[in-house]
Amino acid sequence: SLMVQAYYDRTHRFIPDVFQEDRNTFDVELQHQLRWGEHYIVYGGNYRFSHDEIGNLGPTLAFLPDNRSVHLVSGYLQDEWHIVPDKFFLTAGSKFEYNSFSGFEVQPTGRFTWLPAPNQTVWGAISRAVRSPTRIDQNLVAPNPAFATPFLLANPDFESETLLAYELGYRIKPAANLSFDLVGYYNDYNNLRSVEPLPGGKLTIENKLEGQSYGAALAAKWQILNWWRLDGSVSLLQVDIDRAPGGHDVNNGAAEANDPGATFVIHSGMDLPWNLQFDSYLRYVDDLPNPHTPSYLTADVRLAWSPRKNLEVAIVGRNLFDEAHPEFRTTTTSQEVERSVFATFKWTY
């Protein structure tokens with residue numbers, strides 16, 4: 001199979017007394033998949049061009065320079081080997097990328113799949129990934145030099161953050177209508193973003209944090225009846241971020257590790273008479289440590305009616321247990337998510 005796609009996007013952002021941005025982006029991508037003997041090969045490429053014009057309007061911050069053209073060129077290749085037909089597979093590949101912020105990047109991956117029995121799967125993977133820099137990492141200064149002397153200085157030499165990820169998973173289907181997935185992972189991070197002190201009381205953004213995250217997740221699917229299904233998952237996560245040798249991050253890594261330690265979701269889906277569908281969700285998210293944001297338990301519901309195959313009308317309720325609950329906080333503000341009820345209309349053709 002061959003896929004070619006392209007898009008053009010124009011974005012205008014305006015934050016009064018802070019900044020405005022006009023950005024034009026063009027992107028084209030090609031992907032080809034083919035079978036060659038026992039091999040399943042996927043390869044492709046991508047080119048993206050993005051140009052921005054920024055107005056530094058207020059005293060809070062500025063992006064310097066106030067306009068920049070960014071190029072992204074990438075290619076990828078992946079091959080799958082059927083070592084033991086219907087039993088054991090190996091997959092290897094890599095993405096190769098050049099971007100205007102950090103130059104050349106390589107992101108390889110290798111994984112295996114083993115089917116010890118018709119209803120069981122064991123898989124594992126090792127992958128390298130990067131987070132390329134952005135304008136915030138390399139070009140942000142604060143406050144705006146047009147209004148005051150900056151204390152946060154830009155760092156055009158900020159590099160990509162890197163990740164080496166290890167994953168191991170197991171799936172079992174004890175019955176035709178029941179399955180379980182268990183996965184564990186360990187992530188090793190380097191060159192993470194830090195805020196480093198400079199002489200004269202100034203600061204800059206550098207790559208002097210490192211750390212690890214690890215955890216596990218369990219998911220289950222149960223088709224109770226042909227019209228009623230249950231599925232859910234629970235996830236546990238531990239993140240440890242510290243200063244790298246020579247690093248003096250003023251936040252001691254706390255700003256880069258603000259994640260819930262546990263989450264779960266349970267979903268019930270019902271196909272009812274008269275072309276009705278009823279979905280309900282129960283969600284829990286653990287508290288956030290920095291700054292402390294309390295955990296929450298909430299529910300969502302959705303009732304949809306499809307009088308025709310291409311037509312759907314639905315009523316949706318979100319975050320029903322409380323009038324509002326905080327999901328993210330800073331030292332000065334709290335992002336509250338409110339209870340909401342709304343209707344949707346969808347027509348496809």
Side-chain angles (χ1 to χ4, degrees), residues 7-15 18-29 46-58 60-76 95-107 127-145 150-165 187 189-198 202-211 213 239 241 243-244 247 249-251 253-259 290 328 330 335:
Y7 71 82
Y8 167 75
D9 177 88
R10 176 173 174 82
T11 302
H12 173 72
R13 299 179 64 196
F14 176 64
I15 303 177
V18 181
F19 89 110
Q20 70 175 10
E21 176 190 41
D22 289 298
R23 178 176 294 278
N24 293 278
T25 301
F26 172 76
D27 186 284
V28 60
E29 179 181 359
N46 171 253
Y47 172 69
R48 179 180 302 164
F49 171 79
S50 186
H51 177 78
D52 63 47
E53 296 281 348
I54 293 178
N56 298 310
L57 304 178
T60 309
L61 55 84
F63 289 91
L64 300 176
D66 59 7
N67 67 86
R68 186 169 182 179
S69 295
V70 177
H71 301 270
L72 171 67
V73 183
S74 65
Y76 53 90
K95 182 178 182 181
F96 307 92
E97 175 184 294
Y98 173 83
N99 69 82
S100 299
F101 291 103
S102 61
F104 187 67
E105 304 283 2
V106 180
Q107 301 179 74
S127 308
R128 182 183 187 270
V130 303
R131 185 189 74 83
S132 302
T134 67
R135 290 273 260 151
I136 291 177
D137 300 312
Q138 291 192 348
N139 303 139
L140 177 66
V141 298
N144 188 340
F151 64 85
L152 177 65
L153 305 182
N155 179 14
D157 296 323
F158 184 90
E159 302 174 351
S160 293
E161 299 178 324
T162 65
L163 161 68
L164 194 58
N187 297 320
Y189 304 97
N190 283 287
N191 284 353
L192 294 184
R193 179 173 55 193
S194 63
V195 180
E196 299 293 322
L198 296 174
K202 300 185 183 300
L203 304 170
T204 192
I205 297 175
E206 296 189 22
N207 300 88
K208 293 186 177 180
L209 287 175
E210 60 186 14
S213 68
V239 182
I241 304 295
R243 295 167 176 156
D249 179 59
V250 297
N251 300 304
E256 300 298 314
N258 193 30
D259 303 284
N290 182 46
F328 299 98
T330 68
Q335 302 296 321

| Over 12 non-hydrogen atoms of neighbours within 6.0 angstrom of CD1 in Ile15 | yes
| Under the 3.5 angstrom rule, does the side chain of Arg128 hit a backbone N or O of Val106 as a donor-acceptor pair? | yes
| message | Less than 4.5 Å apart, side chain to side chain, heavy atoms only: is that true for Asn207 and Ser194? | response | no
| task | Please assess Leu64 against Asn56 for the test side chain to side chain contact (heavy atoms under 4.5 Å, CB included), listing each intermediate value before the final yes or no. | result | CA-CA 9 Å; Leu64 300 176; Asn56 298 310; 4.1 Å; yes
| query | So Asn144 and Thr60, side chain to side chain contact (heavy atoms under 4.5 Å, CB included) or not? Walk me through it. | reply | CA-CA 6 Å; Asn144 188 340; Thr60 309; over 6 Å; no
| said: side chain to side chain contact (heavy atoms under 4.5 Å, CB included) for Asn46 and Val28? Distances and angles first, verdict last. | reply: CA-CA 6 Å; Asn46 171 253; Val28 60; 6.0 Å; no
| About how many Å separate CZ of Phe26 and CZ of Phe49, when rounded to the nearest 0.5 Å? | 11.0 Å
| Interatomic spacing from CG in Asp259 to CD1 in Ile241 - rounded to 0.5 Å | 8.5 Å
| Mind checking whether Arg48 and Thr25 have side chains closer than 4.5 Å, heavy atoms only? | yes
| query | Do Ser74 side-chain atoms and Phe96 backbone N/O form a donor-acceptor pair below 3.5 Å? | reply | no
| With side chains defined as the heavy atoms from C-beta onward, is the minimum distance between Gln20 and Ile54 less than 4.5 Å? | no
| request: Indicate yes or no: at least one non-hydrogen side-chain atom of Lys202 is less than 4.5 angstrom from one of Pro150. | output: no
| Whether Lys95 side chain and Gly75 backbone form a donor-acceptor pair below 3.5 Å | no
| field | Distance, nearest 0.5 Å, that separates CG of Asp249 from CG of Leu203 | value | 10.0 Å
| field | Gap separating the NZ atom of Lys208 from the CD atom of Glu210, nearest 0.5 angstrom | value | 12.5 Å
| Side-chain donor or acceptor of Asn99 paired with backbone N/O of Ser102 under 3.5 Å | yes
| Glu256 versus Arg193: any side-chain heavy-atom pair under 4.5 Å? | yes
| said: Treating Asn190 as the side-chain partner and Thr162 as the backbone partner, does any N or O pair qualify as donor plus acceptor under 3.5 Å? | reply: no
| task | Answer with yes or no whether the side chains of Ser100 and His71 bring together a donor and an acceptor at under 3.5 Å. | result | no
| query | Is a side-chain donor or acceptor of Asn24 paired with a backbone partner of His51 at a separation under 3.5 angstrom? | reply | no
| Taking 4.0 angstrom as the limit, do Arg23 and Asp9 come out as a salt bridge? | no
| Taking Asn67 for the side chain and Asp52 for the main chain, is one N or O donor matched with an acceptor at less than 3.5 Å? | no
| So do Leu164 and Asn187 actually touch side chain to side chain, heavy atoms under 4.5 Å? | no
| query | Aromatic rings Phe19 and Phe63: how do their planes relate, parallel, tilted or perpendicular, breaks at 30° and 60°? | reply | tilted
| request: Dump the intermediate steps for side chain to side chain contact (heavy atoms under 4.5 Å, CB included) on Gln138 and Phe101, then the final yes or no. | output: CA-CA 8 Å; Gln138 291 192 348; Phe101 291 103; 3.3 Å; yes
| message | Within the 4.5 Å heavy-atom criterion, are Leu152 and Leu140 side-chain neighbours or not? | response | yes
| task | Give a yes or no on whether a salt bridge exists between Asp137 and Arg131, defined as a side-chain N under 4.0 angstrom from a carboxylate O. | result | yes
| message | Regarding Arg13 and Asp22, does a basic nitrogen lie under 4.0 Å from an acidic carboxylate oxygen? | response | no
| message | Between Ser69 and Ser50, is there a side-chain heavy-atom distance shorter than 4.5 Å? | response | no
